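Here's the structure, in structure tokens; my notes come after.
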Amino acid sequence: MSSASAGRTAGDPAPADADLRDLFGQSTALFASLSGPAHVLEAANPAFGKAVGSAGRLPAGRPLGELVPELTGQGLLDQLDRVYRTGQPFTGRDARVLLGTGTDVREAFFDFTYEPRRDAAGAVTGVRVIGVETTQIKHAQRLTAEHRALLEQIARQAPLADVLDGMAATIEHLTPDVLVSVLLADPDGRHLRHGAAPSLPGFYNEAIDGIATGEGVGSCGTAAHRRQTVIVTDIGEDPFWADFRDLAGRAGLAACWSTPILARDGRLLGTFAMYHRAPRAPQANDLALARLFAETAALAIERHEAERARLVAEEKERAIRDDLAFLLHASTALAADLDHVQTLQRLADLYVPKLAPLAVVDIVEDGHLRRVAQAAADPSPAEPDLEIGGTVASVLSSGRTVRAAGPGFTESLCVPLTERGHTFGAVTLFTTGDHPFDEHAVTLVEELARRAASAARSARQYRQRVRLARDLQAGLLMPDLPEVPGTELATFYHPAGEGLEIGGDFYDVFELDESTWAFMLGDVCGRGANAATTTALIRHTARAVAPLLRDPTAVVTAIDTALSNRPHAHGTDFATLVYGHLARDADGLVLDLIRAGHNLPLLLDADHRIQELDIPGRLLGIHTTPRLTERRIRLRPHESLILLTDGFLEARDPGREEFGDRRLVDAVAAAPRHATARQLLHAITAAVRAFTGEAEAADDQAALIITARD
């Protein structure tokens, strides 16, 4: 790399929606037609060319191995040879492929099928490649769970060291070729201290601990100085690394991209660096990932600093103020809501009547002054003139407390709401008594305003981060049910855990063709966001392979393969499942059913008799070949198949007794004769609620009921 291009600056951060597109993108269907034993390209769609790194269409008439030489040695060409030689198709799931060369190499994942092409005599003449790139989906699934866990740690105010170590481990988990380092800025912003770097050598971390911020001081010192991302694609050639080149060589580091961690007011908090062991330039998703986690690190550091500042302030107040109990009560009240408007209303309520009979709060939003809170001890007497825009404007511009007198009140006290040096609002108190505000009251008002400002701004920022986490998890939520002719479907889903909309139980129903539908219900080991990524893997695998395989046993086998091939570090890795295909005929519904380690399905016939369907089948994802048995059942009008997860059966009453199979059968038997699917579901859920009382569900719960209609 030339000196002119060394350590180039990435520029201003892209908007949040652009970062999400860079991170997650959109999956694309690929197609290519190859001929002969050399796999000469005959035709390919643009998506295939784009996926393998071609700017335009790939030229036909040349072997695929020449067009994309990096495929050699990765097993893909060998598998093409095998399909051409044997005539047997091959399907790959989540195949990892390295595309590109040098500093432009990228990691990609694909689901694909190789199909033999035959001439009229049946001889194999080539191979057809059909696939879809799943890189973005895979990254989205990983990032959703990992980023949400970090936000939850920050919300719980976990120790900063734990949060930063977890963040570094998360990035290295999402991008296995990356080594992460977080450096923290000294209060004066002139030096950087070690924060987290779990995979870098100890001698390297010790050597860079305390480096100065400045132009040309490696990637991190320069990024901190410029307040911009600095990209060094080759440490061995870049002048920024002249003083650290030997150190980086001993540590085996060849590239470094450093992003500054900035506070909301632009103050330097530290740097977030991504190292590589080979020269490499970042892709758009690499930079988007760095920006996202730099922002997360900023939130963690600012929360840590705010908490530390609060503790220092409270310790000082304990020694000098008799009204500490009031301040502690106020702090608790202000932190009770994660909505900034509600926080400011609580502030006004706290002032009245202890410090003043009337209080109002005004803040600046979108360039306009808005009154968001008001509290009065006695609203019946005539209130003083509250049009005090001039006083508030003075406070907003100066950031200082202003006292004033006016008609209808003895004195007003207007105090700024300031966070990190930025005044975004003011609280005004009015007194109508014989005595104006004394210095002690002014001190209390200002202290409470300071706490409220911090709480309000933190609440606003936290809600923004929660909104992002919810956007990330939206792609994992349960799908809407289709309309299935002659069939009534009823479903229930309740994930355990406060604030979660996703969990380890799941259901799905989707169309295979005009006359056949697939359905499933299952339970993943564990719960919460990590389990949700596994449920998404199961549902997406089923939806991807079912239209191609059309055999329930083959579909469940494919799901088992996907679970077994999933790295253990990704979270939960085994599940129970009921999967089947449903079709309608003249007598009702025909269901081909497989049970893999799940609770026994219940069959309710037209005579209101209940039968457990004991279909053999092992758990999925336990790294052994599943023993699956397919069973066909028929549902005539008013007959139902009832599928539940063990969250229903293991629900406990206050005495810790389980609901169990017997009570479930009793609940179904108590339903009306010829009950609809919804009536059956209501009977079951009502019985569970009556049994457990007010107790929260300890496990995820999901139900799917299929009823044949007339």
Side-chain angles (χ1 to χ4, degrees), residues 11-21 227-228 260-269 291-292 294-296 298-299 302-303 305-306 334-335 337-351 356 358-376 383-404 406 412-430 445-471:
D12 293 335
D17 56 347
D19 281 353
L20 291 176
R21 287 195 298 271
R227 303 295 203 273
Q228 293 178 318
I261 302 172
L262 302 177
R264 288 163 292 178
D265 60 1
R267 182 172 53 89
L268 179 70
L269 299 176
R291 284 192 294 267
L292 177 63
E295 292 174 0
T296 305
L299 176 61
E302 287 193 282
R303 282 240 168 181
E305 291 181 347
L334 291 171
D337 288 302
L338 291 176
D339 180 276
H340 69 285
V341 173
Q342 293 182 16
T343 297
L344 295 176
Q345 181 59 57
R346 284 179 177 268
L347 171 65
D349 294 338
L350 287 165
Y351 284 129
L358 180 64
V360 296
V361 180
D362 301 275
I363 64 173
V364 177
E365 288 188 342
D366 300 325
H368 299 284
L369 194 62
R370 175 189 171 205
R371 181 153 297 161
V372 296
Q374 179 170 324
E383 296 181 355
D385 181 10
L386 300 184
E387 297 300 326
I388 55 170
T391 303
V392 173
S394 175
V395 171
L396 290 175
S397 62
S398 67
R400 297 179 179 177
T401 298
V402 172
R403 293 189 182 198
S412 70
L413 183 68
C414 191
V415 178
L417 292 169
T418 302
E419 172 69 6
R420 300 293 183 187
H422 170 62
T423 301
F424 64 90
V427 55
T428 307
L429 277 66
F430 300 87
V445 171
E446 290 179 333
E447 174 63 17
L448 193 53
R450 182 191 68 79
R451 293 171 180 240
S454 178
R457 293 298 291 265
S458 295
R460 178 181 292 180
Q461 185 181 46
Y462 180 79
R463 288 176 67 84
Q464 291 171 345
R465 296 299 189 270
V466 169
R467 189 178 300 114
L468 173 60
R470 288 174 179 170
D471 289 343

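Bear in mind the structure is a predicted one, so any value in this text is a computation, not a measurement. The chain is numbered in sequence order, starting from 1.
Proximity of a side-chain donor or acceptor of Ser394 to a complementary backbone N or O of Gly390 within less than 3.5 Å is not detected. The closest donor-acceptor contact from the side chain of Gln374 to the backbone of Val361 lies at 3.5 Å or more, if one exists at all.
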From CA spacing to verdict: side chain to side chain contact (heavy atoms under 4.5 Å, CB included), Leu369, Leu396: CA-CA 10 Å; Leu369 194 62; Leu396 290 175; 3.9 Å; yes
Steps toward side chain to side chain contact (heavy atoms under 4.5 Å, CB included) verdict (His422, Arg264): CA-CA 10 Å; His422 170 62; Arg264 288 163 292 178; over 6 Å; no
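Here the straight-line distance linking atom CG of Leu358 with atom CG of Leu429 works out to 8.0 Å at 0.5 Å rounding. To the nearest 0.5 Å, the span separating CG on Asp362 from CG on Leu344 amounts to 10.5 Å. The distance from atom CG of Leu347 to atom CZ of Arg451, rounded to the nearest 0.5 Å, is 12.0 Å. From Ile363, atom CD1 reaches atom CZ of Arg371 across 12.0 Å, with rounding to the nearest 0.5 Å.
Leu417 approaches Ala449 most closely through the heavy-atom pair CD2-O, 3.5 Å. Summarising the geometry of Ala306 relative to Ser454, their closest heavy-atom pair is CB-OG, 4.4 Å, with the distance given to 0.1 Å. Heavy-atom minimum distance, Ala453 versus Thr418: CB-O, 3.4 Å. The shortest heavy-atom contact between Cys414 and Thr391 is CB-CG2, 3.7 Å.
Looking at Arg267 and Leu269, their side chains come closer than 4.5 Å, going by heavy atoms from C-beta outward. Between Glu305 and Arg420 the shortest side-chain heavy-atom distance falls below 4.5 Å. Contact of the Thr401 side chain with the Val445 side chain is not registered, since no non-hydrogen atoms from C-beta on lie closer than 4.5 Å.
Atom CZ of Arg400 sits in a sparse spot, with 12 or fewer heavy atoms from other residues, nucleotides or ligands closer than 6.0 Å.
Residues satisfying the side chain to side chain contact (heavy atoms under 4.5 Å, CB included) criterion with Leu262, sequence neighbours excluded, are Arg227, Pro260, Leu268.
Using a cut-off of 4.0 Å between Lys/Arg side-chain N and Asp/Glu carboxylate O, Arg450 and Glu446 are scored as not salt-bridged.
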